[in-house]
Structures are given as structure tokens and as C-alpha cells.
Peer 1: 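One structure is given below, represented as C-alpha cells, and several questions about it will come after.
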Amino acid sequence: MDTRQFIQRDETCWEIKATGRMRVPAVIYADAQLLEAMDRKVYEQLANVATLPGIVDAAYAMPDAHWGYGFPIGGVAAFDPDQGGVVSAGGVGFDISCGVRTLQTGLTMDQLQTHKQALADALYRTVPAGVGSRGRIHLNHDSMHGMLTGGAQWALEQGFGEEQDLERIEERGCMAGAEARYVSPKARERQKDEMGTLGSGNHYLEVQRVAKIFDHEVAKVFGLRVDDVVISIHCGSRGLGHQIGSEFLTDMAMAAAKYQISLPDRELACAPLNSPLGKQYLGAMRAAINCALANRQIITHLTRQAAETVFPGIHLGLLYDVSHNTCKVEQHMIDGQKKSLYVHRKGATRAFGPGHPDLPEQFSETGQPVLIGGSMGTSSYVLCGTKDGEQRSFSSACHGAGRAMSRSQATKRWQGRTLVDELAARGIIIRSPSMRGVAEEAPLAYKDVSVVVDVADRAGLARKVAKLEPVICIKG
DNA sequence: ATGTAC
């Protein structure tokens, strides 16, 4: 898009002042090249978000932002319930609490090298992947309720994982305020056989090598060294989150008139935080967050089982687990006053800085680990939250590379089989039930994650700690 | 993202 319409605040921060119905400015974090390449829709959607009731400070876009449903993906917006603030299903996204966690294997690349194929086989056999994939766990009414209210803590009680995992998960693995009664029978039905499955699209389980360290002090606290092997899991709340998102999107669109909210775009459907519908959505959304946390916890257990068959006695410790699609109540300073705000992050990572009270003690000096998943065959990054991020983006950072091309465009340009062969030639093993899915996820269908992460670092949203390169990728 | 159209 045309960069001339923006006021450039600094090298990586671009602002459009509030005009017309906008209540706050729109701010995009990008360098000139990323901004030029960004779809004009990102700005239009951001300007629309800025018109919503009760929005505070600014509507933000992260450097990986692209066109989404209503809100841009890579969008951050915070609302004040005391000023008529709203919650929007489109502002959270369909795959509620989709996120990434990274496990440390204690292995070095030397130890993995001769077992690569065996580990790929074991992981592909053990972790169900693909559209409609089902697991071995089947939830009844009671266990469904336990999962929806207990999240990863529930999964742990069922024997999936280790007690020490919990402190490395946002909300200690259990999102408070989940209200299972607002999760419809249909959402439950879709989920009952899908626990512990990866799903499809950009979801994956990836074995990675630590390729580079940028901040040695922080990397030491995180326990990362060059040539260490880690395993990252990227997935969300599967059919349940999608069903909840769809249902509330419809309900919110129909309720807009009742709440006298005039929407510049129907896709921005929302409800006042203090309204019954707003509260029902928050309760259901938090249950979906628990579903995603439980799902990643169960997949972690399956990953540990698979690794054990290849490396007997191995221990996989959790570095951290971040969610990308959420609305959370957080304390932030607005005009010198501490306020409880409802922060929507859609395709954006929470990135609390050093000293934040919600961080476990071991990260109090480093800030929160921020896990950035790259596209298939490209790098991923570990960053850490900053103090500056609090003022810049409600302590938020980018979540990945961000698509540069649509899925259908990608399938016209690339063939899955060819991509798998090309990546194999570079020493990267891809396992997937869907070659079409692989084509849709072609590395060049995404922005360059290294550029995106550099901008996030220079903008002060989060700081680079380590670069990870793929070795094995189980693709949904 | 998604029982890839309800």
C-alpha cells in the first residue's frame, strides 16, 4: 500500500490519525518495504476496528499483519468495559487460542542425525494430523466439562504431562472464567474425538535445530544453545473453537442493532463486554482456550511417547506455550491510570516484559518467551518480551511469517510432492497426509519470517533470542 | 482455521 498516507513515527512505526468515525489512531509496525507489500485491506480493517465502542489508545497491526475476517490477522486492540467497550468474535479469530509451544529435548544435532528418519516415523505414527483427524481420546459429558474448565491442568490430571509443565503455560494452563454451559452441543460433538490432534492448514509439529543465538544471557536462562534440538507444536482448539467462533459471529451480527452499534463492516460483529451476549461469548471463548491448552498438552504427551521409542529415557521439558488468538483481561496504563482492559490479539503473541507479575519467577528478568513459528521449511524464532512493548502494543508481538499469497494461488503455483522432494534435498523431512495441504503451505506463499522478526525486534515489541531451523515437519 | 458449501 501507499506509505505516503501514514505519519512515520519512527523507522518501524506508522500511524494514521483518527478521522471520520475512528475513535483512536491506527498504528502499523513495519519497515517501509513490509508496509509497501502489505495489502491496503490491513489499513482499512484497522481503521474499521478503530471505530468500535470503547477502544483505547490505538488499533495496532504487527509486522506480519494480513487481511483477515473483520480484524486483520496480526491485529491487537484493547477495550475498556467502563467506556462501552466490546468483545468481537472476529477480533479473536476462528481458531481460538491457536498457539505454539516449544519442548527442549536435551539432544544435540549429532545425536539426532542418525535417528532422524526413525523419529519422523514415530512422531507421524503417534500424533494424528490432517483435516478431521481423530485421536484415541473420546470425551463423554463429564470429561468434556472437565476439559473445557480445566485446560492443560485437566489434561495433566488425566495423565498427560508433568506438573512442571504448568508454570510454562499462560494462565498456568487453565483459563479462569470458562463457562462450559455456553459451549453448544454441536461444538462439543465436533470436539469429542479430536483431542490430541494437530488439525490442518498451517498447523504442525516440527523438530528444529537451534541455528543461532542472538542474546546469550537470555538464551542461557531459556536453556538454548546452538545445535540443541527442540520440538515445536503449533495447533489450536480444532472443531470446537471454530464452531464457537461461527455461532457467536452470527449472534453478534444479529445483536448489533439491539446494542445500537453501527458497524462499518458486518464482519466486525461484536457485543458490549457488559452485555449478556458479550459475557456468554467470553465464557465460551475461555472454554475454547482451555480446549487448545489441553490439546497442546495431550500432543506434548504423545510427542514424549514417540521420542521415548527412539531415545529411551529422554526427557522433554517445556520451554513455554503461547496463544495467538485470544481476548484477555489485563492491566495496562492508559493516560497515567491503570485500567483493566480486554485485549484482543488475533494472530498476535502476548509478550510480557521483565518484571510482569504474571510471569513465573525464572522469566522475571528475561521477560516472557515469545515463540514465533515460521512457515514450512523456513526458520522459527524465540524472542523475549520487553518493557517497551507495554507502551507500544499492549505487550504484544507478531505470531509468524504471515501469508503473502492465498491458499488457492499457492496450489496453482506449487505441487506438494515437488516441495517435499526439494525440502528433502535440503535435509528437511516433511510428513503429511495431504499433498495439497503442503502446496498451500509452500514457503514462498508466506512473507520472510526473518524480516518480520527483525522488525518486531527493532520496533521494541520483543527481542530476538534464538533462531530455529526445521529438521522434521509433521504437517496437518 | 474448519466436518475446506448449510
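Chain identifiers are assigned alphabetically (A, B, ...) following the order of the sequence lines, protein sequences preceding nucleic acid strands; residue numbering begins at 1 within each chain.
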Peer 1: Taking salt bridge (charged side-chain N to carboxylate O under 4.0 Å, His left out) as the definition, give me every residue that meets it alongside Lys192(A), ordered by chain and number, with sequence neighbours left out.
Peer 2: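 Lys192(A) satisfies salt bridge (charged side-chain N to carboxylate O under 4.0 Å, His left out) with Glu189(A) once adjacent residues are dropped.
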
Peer 1: Salt bridge check: are Asp165(A) and Arg304(A) linked by an N-O gap of less than 4.0 Å?
Peer 2: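 Answer for the salt bridge query: yes.
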
Peer 1: With a non-hydrogen cut-off below 4.0 angstrom, is Glu189(A) in contact with a base, only sugar-phosphate, or nothing?
Peer 2: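 Nothing: the residue Glu189(A), judged by heavy atoms under 4.0 Å, touches no strand.
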
Peer 1: Which residue pairs pass the side chain to side chain donor-acceptor pair (under 3.5 Å) test with at least one member in residues 70-80 of chain A, sequence neighbours excluded?
Peer 2: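 Counting only pairs at least two positions apart or across chains, the side chain to side chain donor-acceptor pair (under 3.5 Å) contacts touching residues 70-80 of chain A are Asp80(A)-Gln83(A), Asp80(A)-Lys339(A).
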
Peer 1: In chain order, what residues pass the ring pair (Phe, Tyr, Trp, His ring centres under 6.0 Å) check against His344(A), with sequence neighbours excluded?
Peer 2: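 His344(A): ring pair (Phe, Tyr, Trp, His ring centres under 6.0 Å) contacts with Phe71(A), Phe79(A).
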
Peer 1: Applying a 4.0 Å non-hydrogen cut-off, can you work out what Lys346(A) is touching in the nucleic acid: base, sugar-phosphate, or nothing?
Peer 2: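 Result for Lys346(A) = nothing.
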
Peer 1: Residues in ring pair (Phe, Tyr, Trp, His ring centres under 6.0 Å) with Tyr69(A), at least two apart?
Peer 2: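 Partners of Tyr69(A) by the ring pair (Phe, Tyr, Trp, His ring centres under 6.0 Å) criterion, ordered by chain and then number, come out as Phe94(A).
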
Peer 1: Hey, is the side chain of Arg238(A) poking within less than 4.0 Å of OP1 or OP2 on dT2(B), counting only N and O atoms?
Peer 2: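 Arg238(A) to dT2(B) OP1/OP2: side-chain N or O found under 4.0 Å.
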
Peer 1: Please identify each residue that fulfils salt bridge (charged side-chain N to carboxylate O under 4.0 Å, His left out) with Arg40(A), with sequence neighbours left out.
Peer 2: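 Salt bridge (charged side-chain N to carboxylate O under 4.0 Å, His left out) list for Arg40(A), sorted by chain: Glu44(A).
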
Peer 1: So what does Gly236(A) hit on the nucleic acid, given a heavy-atom distance under 4.0 Å: a base, only sugar-phosphate, or nothing?
Peer 2: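 Answer is nothing: Gly236(A) stays at 4.0 Å or more from every strand.
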
Peer 1: Under 4.0 angstrom, heavy atoms only, what part of the nucleic acid is Gly199(A) near: base, sugar-phosphate, or nothing?
Peer 2: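 If one applies the 4.0 Å heavy-atom cut-off, Gly199(A) turns out to touch the sugar-phosphate alone, with no base involved.
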
Peer 1: Over how many whole Å does the gap from Asp193(A) atom CG to dT2(B) atom P extend?
Peer 2: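 Rounded to the whole Å, the gap is 16 Å.
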
Peer 1: Between the protein and nucleotides 4-6 of chain B, list every N/O to N/O distance that falls short of 3.5 Å.
Peer 2:
none

